[in-house]
Structure formats: structure tokens, C-alpha cells
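Start at 1 and go down the list; that is how both ligands and their atoms are numbered.
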Amino acid sequence: MLTVRAPATSANLGSGFDVFGVALERPADVVRLSKADRTTIDVTGAGSQFIPEDPEKNTVGAVAEALEAPAHIEIDKGVRPASGLGSSAASAAAAAVGLNELYDRGYSREELVPIAAKGEAVVSGDAHDDNVAPSIMGGFTIATESGVRQVDASIPLVACLPDIVVSTRDARRVVPESARVDQLVETVGNAATLTTGMHRDDPELVGEGMHDTVVTPARAKLIDGYESVREAALDAGATGVTISGAGPTVIAACEDADQRAIASAMLDTFGDRGIDARAYQTRIGRGAQIF
Ligand SMILES: Nc1ncnc2c1ncn2[C@@H]1O[C@H](COP(=O)(O)OP(=O)(O)OP(=O)(O)O)[C@@H](O)[C@H]1O
Ligand SMILES: N[C@@H](CCO)C(=O)O
């Protein structure tokens, strides 16, 4: 029996749609795995009533199949599904790291990323790597066709999760099919600024680089109050604000000293619209850990 803690993640960070991701220090899924003749799954914790235990429908089932590693898998969800915090990916990442160890498969962390992404394909139809990569490798990750580049960073963040459900599948339907060249130029500049900020552990540069005029405005319409919450967070000192993953979580980069005020401002602004929310004062952290 093995226990793995795999962190929630925030994908895209505005300018890095389907490429950038960060591991969050908290929340996280805790997954217990033991060898078995066939895969069975138990789910408890945040939003567990909405998560299938059928191995064909749960992200960990696809990972067990890909690794040919049947197991009894107990998932304690710290990350609510359809949150924009890589809930389904955290379980898949934990299963990939845990089953690799349990069955002594010998894959590196980077090699486990496409294996865990097979789990993501079960829920969203696409095997995108931008949540599983940081959940497995930690820090800031750049996931492309050529593989994953990773940088350790420790930027303070506030992730505010409103009581609204946005599924990744729905949020992908509103992504524009094309962008203008001037938007492309702006996006390249912002993505490069953000990457430099991660290397320097500089919240100002990271926040500036989170700006995006292509995907974020289309998706913001799915999150009641997004613009007001964004403005409130910026007024409270955030260096940048965007949608986390496919939403509805809104994520702010900041200095440590401003975290608490930003969390309150975001919660109050959702509250003014009658929307309950929860704010995680967190930071970029490490990848999945085996206990
Ligand atoms: N182990 C799992 N954990 C969480 N959700 C799961 C799991 N297995 C299957 N699902 C299903 O995946 C869907 C949630 O995944 P989705 O990608 O929409 O949300 P997310 O992972 O929180 O968001 P994002 O990828 O935008 O950060 C739900 O329908 C849920 O039932
Ligand atoms: N990059 C993906 C992450 C969500 O899982 C999206 O934004 O659709």
C-alpha cells in the first residue's frame, strides 16, 4: 500500500493557453493504492458525489490501464471537480506516480506526464498535459509537443473558487477558432514576460504576463462577476489576475503581504452578487509526493 499527495494546479495563466501550468502548495488530492487483480475505485472528499467510481469513467482508471497496473485506489478529494484547479488531473497524477512506484515500472516523472494525460482524455475528450505536468513535476511547467520544461518557482497566489460549475468540455467550446496577428504578437510578449518572471521568482513580471485578450474574454462570460472580482483583486494589490484553467476559479498573483487582502476582496465581490466562494491563499509548490 502506497499513499500519494498530488497537488491542485492552475493551467494556462492567461497567456499560456494549453501550455503553461503551475502546481499549487494547496489544495491537493490524497490517493492510496494497493495492488489488486482488477481496478476498483473509492472516492471520498470534496465533490465526491459527482465523481464516478467506474474505472472506465474515472481518470485513475485510464492511468491504471495504461500502466497495466490494476489496483484498489482510494481517492480523498481535496480538489472539487469542475473547479479549474485540475481536480481530475490531480487524481490522474497521483495514480501515475503511485502505480509507477508500486509496480516498479521505472518511468521518469516527465515520462509519466503523457500517461497521466490519458486520464484527462476520459473526462474532457482531449489528452492535454497542462494540469498533469505540474501536478507530477511541481513548479511552473511548459508542456508542448516536444515534452515538458519545468522551473521551480514560489510565487504567492490567491485562488478563489466560486460556487459555480464550469466543465472543461463546455469551456473549450467557447474558445475562439482564430486570433489576429496583433493578438498573437501581444500573447508572445506576455508569455515571454511570464516565463522570465518565473525564472526570477518575480510576482510583478508573472502578473503582467498573465494578461490575455484571446481566450480569457470569451471564457469570462461563463463566470458571473469575473470582471468585478478581477478589478477588486487588482485594487487590493494583485499583480495579475486571470481564469484558472477552464474556470470558474479566478487566480491572482501577488506579493506575500497582499495575499490576505486580495482573498477578502475576491470573496466579498462574489458575495455581493450572492455567490458563495472559497479562497485558497497558496503559492507555487512541489509536485506529487509519495509517502
Ligand atoms: N478522479 C477524478 N477527480 C475529479 N473528477 C473526476 C475524476 N474522474 C473523473 N472525473 C470527472 O471529471 C470532471 C471534472 O473534470 P474537469 O476537467 O471538468 O474539471 P477540473 O479538473 O476541476 O478542471 P480544470 O481541468 O479546468 O482545471 C467531472 O465530470 C468529474 O466527474
Ligand atoms: N488548458 C485547458 C485546461 C483545463 O483542463 C483548458 O483551459 O481548457
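Salt-bridge annotation for Arg172 and Asp18: present, with a side-chain N of the basic residue lying under 4.0 Å from a carboxylate O of the acidic one.
Of the heavy atoms in Thr9, none comes closer than 4.0 Å to ligand 1. Contact annotation for Val175 and ligand 2: no heavy atom of the residue comes within less than 4.0 Å of the ligand. Heavy atoms of Ala246 found under 4.0 angstrom from ligand 1 belong to the backbone as well as the side chain. Of all the heavy atoms of Arg169, none lies under 4.0 Å from any atom of ligand 1, so neither backbone nor side chain is involved. The part of Asn12 lying near ligand 2 is the side chain, judged by heavy-atom distances below 4.0 Å. Residue-level proximity to ligand 2 for Asp130 is carried by the side chain, the only part with a heavy atom below 4.0 angstrom.
Residue contacts with ligand 2: Arg219 is placed with a nitrogen or oxygen under 3.5 Å of a nitrogen or oxygen of the ligand (distance criterion only). Every N/O-N/O distance between Ile75 and ligand 1 stays at or above 3.5 Å.
Looking only at protein heavy atoms, the nearest one to atom 29 (O) of ligand 1 is Phe50 O, 4.8 Å. Scanning all protein heavy atoms for the shortest distance to atom 15 (O) of ligand 1 gives Ser88 OG, 3.4 Å.
Numbered from 1 in the order shown, with element, the atoms of ligand 1 that lie under 4.0 Å from a heavy atom of Val123 read 9 (C), 10 (N), 11 (C), 12 (O). Interface of Pro52 with ligand 1, defined as ligand atoms under 4.0 Å from a residue heavy atom, comprises 31 (O). Heavy-atom proximity to Ala82, at under 4.0 Å, picks out these atoms of ligand 1: 14 (C), 19 (O), 20 (P), 22 (O). Heavy-atom proximity to Ser91, at under 4.0 Å, picks out these atoms of ligand 1: 1 (N), 2 (C), 3 (N).
At a cut-off of 3.5 Å, with distance as the only test, a side-chain donor of Glu120 or Ser88 sits close to an acceptor on the other residue. Using modelled atom types, one finds no donor on one side chain facing an acceptor on the other under 3.5 Å when comparing Ser154 with Asp201.
The option from Pro55, Ser87, Gly61, Pro248 that lies nearest to atom 20 (P) of ligand 1, judged by heavy atoms, is Ser87.
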